[in-house]
2 protein chains.
Amino acid sequence: MEQKKAGGRTLAGDAYEAIRQAIRTGAVKPGDRLRFADLQALCGMSVTPVREALARLTAEGFTVLDDHRGYSVASLSLAELRDITATRQLCEGEALRLSVLRGDADWEGRVIAAHHLMARIPQAREDIPSAMREDWEARHSVFHAALISACGSPSLLEICGKLFSRADRYRRLSVSLVGATRDVTGEHRRLMELALARDAEGAAAALRDHYGRTAAALEGFFTT
Amino acid sequence: MEQKKAGGRTLAGDAYEAIRQAIRTGAVKPGDRLRFADLQALCGMSVTPVREALARLTAEGFTVLDDHRGYSVASLSLAELRDITATRQLCEGEALRLSVLRGDADWEGRVIAAHHLMARIPQAREDIPSAMREDWEARHSVFHAALISACGSPSLLEICGKLFSRADRYRRLSVSLVGATRDVTGEHRRLMELALARDAEGAAAALRDHYGRTAAALEGFFTT
DNA sequence: AAGTCAACGATTTTCGAAAATCCTCCAATT
DNA sequence: AATTGGAGGATTTTCGAAAATCGTTGACTT
């Protein structure tokens, strides 16, 4: 997440992106075993770069490794959703608080720009309303990153980034619930307004609430 | 840190331990390049397991990777020490608070046992007073892990564990300062007492203070 | 004298196959 | 009937060498 830019520099990087995408999109499901033979066929390369890709994915919690039994897709659970949500509220809440306190004009610009880009396109796809638009997801991620980008703590940013990726898998489950009783767009705008108004505590509280609502909307998937 | 137990299951695991130890003990210094040829000689194995070990170490922040330029030992800096300290105060402080609130009798037992083991042996070596005893380091780690073990959040525990390992590299720099104006033993006992007395806020505050003092004692190394 | 570029050496990265390990299944024994 | 033991197959893990890449050196041009 920090040292590589795009696909093409190394095959291991390509494999990382390919497998990550397969997990994100649900092409391989939680709990599925990831056989090297299949992955080599999917990525079109030998075992070595695939192995390195899986090592990175495991570090980020997308896959798990059992010695001599190979890798498999990390499974999802209600317990983990709640756990990750709580940790995210703690870490990203504090990161936002610091960011609001320390942010300069440049940071304000990044937040406004990111929000504008995200608000300009709809969240759901037109052809399949139950699915999220890929580009909206990307801009949504950029917006949240922009909010905390001025916190001044690389380690906190790294943690938040990993937790965001991890929560992303759960978020994709909930798209069909979108439009029910929730105003996600409004929550995002309010988040931006509080940040720009330099209300550090208020913004942090709004962010925690935002994540709490997201988690609550997702809980239904595990009770059924 | 979560799926492998001891050295011997896989060569990659052995390599991970060996290289990690080389970094911890200072056999290879911050900023040093880690050539595969040297590492293969050190570990007595081929390139593949070494590569996997470096991937894991990089995920934990011990090493860094430049595409096509290979791996090198992550460098230390005052800025990172301060950053990690702050993030540790946030995450481990909250973890301890939760642990004190949720901990049961079993947790109390773990804390008392871990503290007893740590307090039973001196911190510094007898032959080289400026060096830390390897076994004390291990028990110290177990004690801190025991304190937060009842927090109920796997993700938080994972974060705390990684931050602890990362801070460990800095801690080793400060051994020669031990015994100056600090009562580390007293701080640890107080920490345990507050935890067992179920003073969640007090214990969390004491832990943050504990880490703050450790960082302060280390700052001198970077100003000289 | 400064700058450009190609070839070389050092090193990483990748490959394809061999070795090691685990799981399954079936027969033999208790 | 249940358990042990081990052969067979599938898969991971590791190896040693080949391919790709980067940094540098040194000749050549301007």
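These figures come from a predicted structure and were not determined experimentally.
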Query - Closest to the A:R69 side chain, choosing from C:dC23, D:dG16, C:dT12 - result: C:dC23
Query raised in the report: Rounding to a whole Å, what distance do you find between A:D67:CG and C:dT21:P?
Result: 12 Å
Query raised in the report: Over how many whole Å does the gap from B:F36 atom CZ to D:dT21 atom P extend?
Result: 16 Å
Query raised in the report: Which pair of non-hydrogen atoms, one from B:L147 and one from B:L96, has the smallest distance, and what is that distance?
Result: O-CD1, 3.7 Å
Query - B:D14 CG - D:dT14 C1' separation (whole Å) - result: 13 Å
Query raised in the report: Taking atom CD of B:E126 as the centre, does the number of heavy atoms from other residues, nucleotides or ligands within less than 6.0 Å exceed 12?
Result: no
Query - D:dC22 phosphate, OP1 or OP2, under 4.0 Å from A:R9 side-chain N/O - result: yes
Report summary line: Closest of D:dT12, C:dT13, C:dT11 to the B:R35 side chain is C:dT11
Query - Nucleotide nearest B:P49 when distance is taken to its side chain, options C:dT13, D:dT14, C:dC15 - result: D:dT14
Query raised in the report: Using the ring of each side chain (for Trp, its six-membered ring), is B:H144 parallel, tilted or perpendicular to B:H188, with breaks at 30° and 60°?
Result: perpendicular
Requested in this report: Quickly work out the A:M45 CE to D:dA20 C1' distance and round it to whole Å.
Outcome: 14 Å
Query - Among C:dC22, D:dT13, D:dT11, the one nearest A:L65 by side-chain distance - result: D:dT13
Query raised in the report: OH of A:Y16 versus P of C:dT13: gap in Å, rounded?
Result: 17 Å
Query - Given C:dT21, D:dT21, D:dG16, the nucleotide with the shortest approach to the side chain of A:H68 - result: C:dT21
Query raised in the report: Reckon B:L54 touches a base, only the sugar-phosphate, or nothing at all at heavy-atom distances under 4.0 Å?
Result: nothing
Query raised in the report: So what does A:L39 hit on the nucleic acid, given a heavy-atom distance under 4.0 Å: a base, only sugar-phosphate, or nothing?
Result: nothing
Report task. Return the orientation label for the A:W136 and A:H140 ring planes: parallel under 30°, perpendicular over 60°, tilted otherwise. Result -> parallel
Query raised in the report: In whole Å, what is the span from the CZ atom of B:R33 to the C1' atom of D:dC22?
Result: 9 Å
Query - Nearest to side-chain heavy atoms of A:Y71, which nucleotide of C:dT14, D:dT13, D:dC15 - result: D:dT13
Report summary line: Picking from D:dT12, C:dC15, C:dT13, the nucleotide nearest the side-chain atoms of B:R51 would be C:dT13
Query raised in the report: Where do B:T214 and B:R171 land on the side-chain hydrogen bond (donor to acceptor under 3.5 Å, both in side chains) test, with the steps shown first?
Result: CA-CA 8 Å; B:T214 302; B:R171 206 176 307 125; over 6 Å; no
Query - Toward the 5' end of DNA chain C, by each residue's nearest nucleotide, A:T48 or B:G70 - result: B:G70
